[in-house]
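In what follows, a single structure is set out as structure tokens and then discussed.
Heavy atoms only: backbone and side chains are in, while hydrogens, waters and symmetry mates are out. The first residue of the sequence shown is numbered 1, and numbering continues consecutively from there.
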Amino acid sequence: MDIHLLDAEPTQRERDALDAFLGPPMSRWVGADRVDDGHSAHGGHSVRAERQKLLPALQHLQQRIGFVSPGALNHLSRRLTVPPADVYGVASFYAMLSLEPQPPRVVHVCDDLVCRLAGSDALIDALQRQVGEEGADVGSACWLASPCLGQCDAAPAALLIDSGENPLELELTDVGVEDLLSLMGGGAAPERRPPWSATAGARQKRTDRDEAGQDGGSDRRQGRGDRPDGGGAPQAGQDGLRLLARVGVVDPESLDDYRAHGGYEALRRAFSLGPSGVIREVLDSKLLGRGGAAFPMGRKWETVARQPRRPHYLICNADESEPGTFKDRLIIESDPFAVIEAMTIAAYATGCERGWIYLRGEYPLAFRRLGRAIEHASQRGFLGSDILGAGFNFEIELRRGAGAYICGEETAIFGSIEGFRGEPRNKPPFPVERGLFGKPTVVNNVETLVNVQSIILEGGTAFAAIGTESSTGTKLFCLAGAVERPGVYEVPFGTSLRQLLDLAGGVRAGTGLRAVLLGGAAGSFITADQLDLPLTFEDVRAAGATLGSGVVIALDDSAEIPELLALIAAFFRDESCGQCVPCRVGTVRQEEALARLRAGRPRGTVEDELALIAEIGEAMRDASICGLGQTASAAIESAIDRLGVFKGGG
């Protein structure tokens, strides 16, 4: 798009959709047809300060119209007084926003690692044969191949999106060809099972289609019974759980039920300790971040609390987009009030009066449950002004991502919330000094935050006694692939990889274990003879691997490793934000080299290509500005080095 407004004008539907979201324009400055007195111009700086509404407004257009047209971009540019090129730059950044016309129904079919292992390639082949090519409009519907949708415990998965006056978003799990063909033919959405439900004690499915709409509804459930493993949390209801203690036990939409099971006791205790006392307990706990970087949470909180610049902000990073990761989704869908309480404690300790939850866009059920939980907590005095009479004020705003893996990087979140492209920022300055809107900011992921209740209630020293000296507490792992019972498992740090796989029932009967992908697409492959590896930050690091976000994908002897490496390479190529050359170019060249090797047409010898992949990986690690580029070659190089892929071993 050019740097000036083009001739395209919005349709009346597009105007109405934006005006319904932003409110009616007050003057011609922001897109009104006329002003009342003909002399006043309302807008300017006050309107530009609303730039943070840019992504939510684009998402609203996508939901109501089905795509974002040039005319709608122009109208939004006028409404927010944001340059057209900037609006286009943001709209074109996110995979869940379309700048081209789409039919009102779009079915996103996951074709990433776990779903590919579960047969998603056969689903896509069937769609191509019986429906049409990807993206083709076939009777008011189309299908698109998608990266990981975060439903790896019940692969293969899909995401149904209907746009219009009554938009619908629904996760579909355990999908088959008939399900997809029915949807493409205009059939009703199939019933989806939510995570473990206390009302039936087994895997459930949703029976209320209306509940999947953006405006809420009720959750009616009925038993499914075909896989009575507890859905996403096979351990649900067992003794000794901490982070998963309420999963499958409480009604996720009942604040009273949450409080009846210990909810908000930690916040009351935090108020009695005072901000410095809370930080002292967190420091004593030695809690390390669970999002992959493993930074001490207490040090981060302490640094922000000491910053003289005000206000301070808090962000809960719920944009888990690492292929194979779904633990944060499970917590949010099953225990949303725990996230809100943990954020309130964090805000109290660090002096934040405003917080944001940045939630992955592909999680509509989590979005609805969090939204209702925030609403209920606000109505009952657990958010807002003078919380529990303690004189502390705190509010939470829920934001949705729009299909950009890079926005899981803590500084990229800032740009996305502020209304810019979600591109990482150079550090220093660090977020604790200059973060969201230029203010000191705490960024923690969901799993990290929900540890705080146990720390406050038990004491930091008691928490530190769990696990190992350097890796304290328990850890959530996302088991998927060739295991009998996929799902989220909670174990103390120090548990071996073998013990973890045994909890999930071991490798599926009739198959042998080939390897384990630990840490997801940005992780490393572990061989079958490394299963006694203790799962701690220090032991895994010493083994040349990473825990990452807790992904554990088991691969049996039927897995086509080169094919999975091609998926990983394509994923990083697509998800690179393009800001820095090493990542933008390196991910493309890495994918090209793998394609030549898979086709048996290396440039030079196989050894030459493997040396090139290693050189590209080194350049990305050394020169990329964020973790995406720095880890984009990790799994691929580990497969070559440990599994002998392309050397006759895979």
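- Put simply, OG on Ser416 and CD1 on Ile315 are 9.5 Å apart, with the number rounded to the nearest 0.5 Å.
- Taking 4.0 Å as the cut-off between side-chain N and carboxylate O, Glu320 and Arg360 do not count as a salt-bridged pair.
- Under 3.5 Å, the side chains of Ser182 and Asp179 contain no donor-acceptor pair of N or O atoms.
- Put simply, the side chain of Leu55 reaches to within 4.5 Å of the side chain of Tyr94, judged on heavy atoms.
- In summary, the side chains of Thr495 and Gln499 do not present any donor paired with an acceptor at a separation below 3.5 Å, with no hydrogens or angles considered.
- Side-chain atoms of Asp574 do not come within 3.5 Å of backbone N or O of Phe571 as any donor-acceptor pair.
- Look at Glu333 and Arg369 and you find no salt bridge, because none of the NZ, NE, NH1 or NH2 atoms lies under 4.0 Å from a carboxylate O.
- Using modelled atom types, one side-chain atom of Ser92 and one backbone atom of Tyr88 make a donor-acceptor pair closer than 3.5 Å.
- Annotation: the span from Glu563 atom CD to Arg116 atom CZ amounts to 4.5 Å, rounded to 0.5 Å.
- Note: Trp356 CH2 to Phe414 CZ = 10.5 Å, rounded to the nearest 0.5 Å.
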Passes salt bridge (Lys or Arg N to Asp or Glu O under 4.0 Å), Asp153 versus Arg329? Steps please.
CA-CA 11 Å; Asp153 56 315; Arg329 171 182 63 78; 2.9 Å; yes
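- Checked by atom type and distance alone, the side chain of Arg514 never pairs as donor or acceptor with a backbone atom of Ser558 at under 3.5 Å.
- Judged by distance alone, with hydrogens and angles left aside, the side-chain atoms of Asp319 form a donor-acceptor pair with the main-chain N or O of Gly408 at under 3.5 Å.
- Judged by distance alone, the side chain of Arg105 and the main-chain N or O of Cys142 form no donor-acceptor pair under 3.5 Å.
- With hydrogens and angles left out, the side-chain atoms of Thr173 and Glu171 include no donor and acceptor closer than 3.5 Å.
- Note: Tyr489 OH to Leu500 CG = 8.5 Å, rounded to the nearest 0.5 Å.
- Ser334 places a side-chain N or O within 3.5 Å of a backbone atom of Leu330 that can act as its donor or acceptor partner.
- In this structure, CG in Leu168 is found 9.0 Å from CD1 in Ile161, a value given to the nearest 0.5 Å.
- Looking only at distances, a side-chain donor or acceptor of Ser638 sits under 3.5 Å from a matching main-chain atom of Phe525.
- Of the charged side-chain nitrogens involved, none lies within less than 4.0 Å of a carboxylate oxygen, so that Asp328 and Arg290 do not count as a salt-bridged pair.
- A distance-only check finds a donor-acceptor pair linking the side chain of Thr631 to the backbone of Gly627 [under 3.5 Å].
- Contact check on Arg508 versus Glu484 returns no salt bridge, with no Lys/Arg side-chain nitrogen under 4.0 Å from an Asp/Glu carboxylate oxygen.
- Remark: Glu169 engages Arg400 in a salt bridge, criterion side-chain N to carboxylate O under 4.0 Å.
- Between Arg589 and Glu591 there is no salt bridge, since no side-chain N of the basic residue sits under 4.0 Å from a carboxylate O of the acidic one.
- Remark: the backbone N or O of Ala412 is not paired with any side-chain donor or acceptor of Glu423 at under 3.5 angstrom.
- Scanning all heavy atoms of the two residues, the minimum distance from Val540 to Thr546 falls at CG1-N, 3.3 Å.
- For the atom pair OG (Ser163) and CD1 (Ile65), the distance works out to 8.0 Å, reported to the nearest 0.5 Å.
- Between the side chain of Glu409 and the main chain of Thr411, a donor-acceptor pair closer than 3.5 Å is present.
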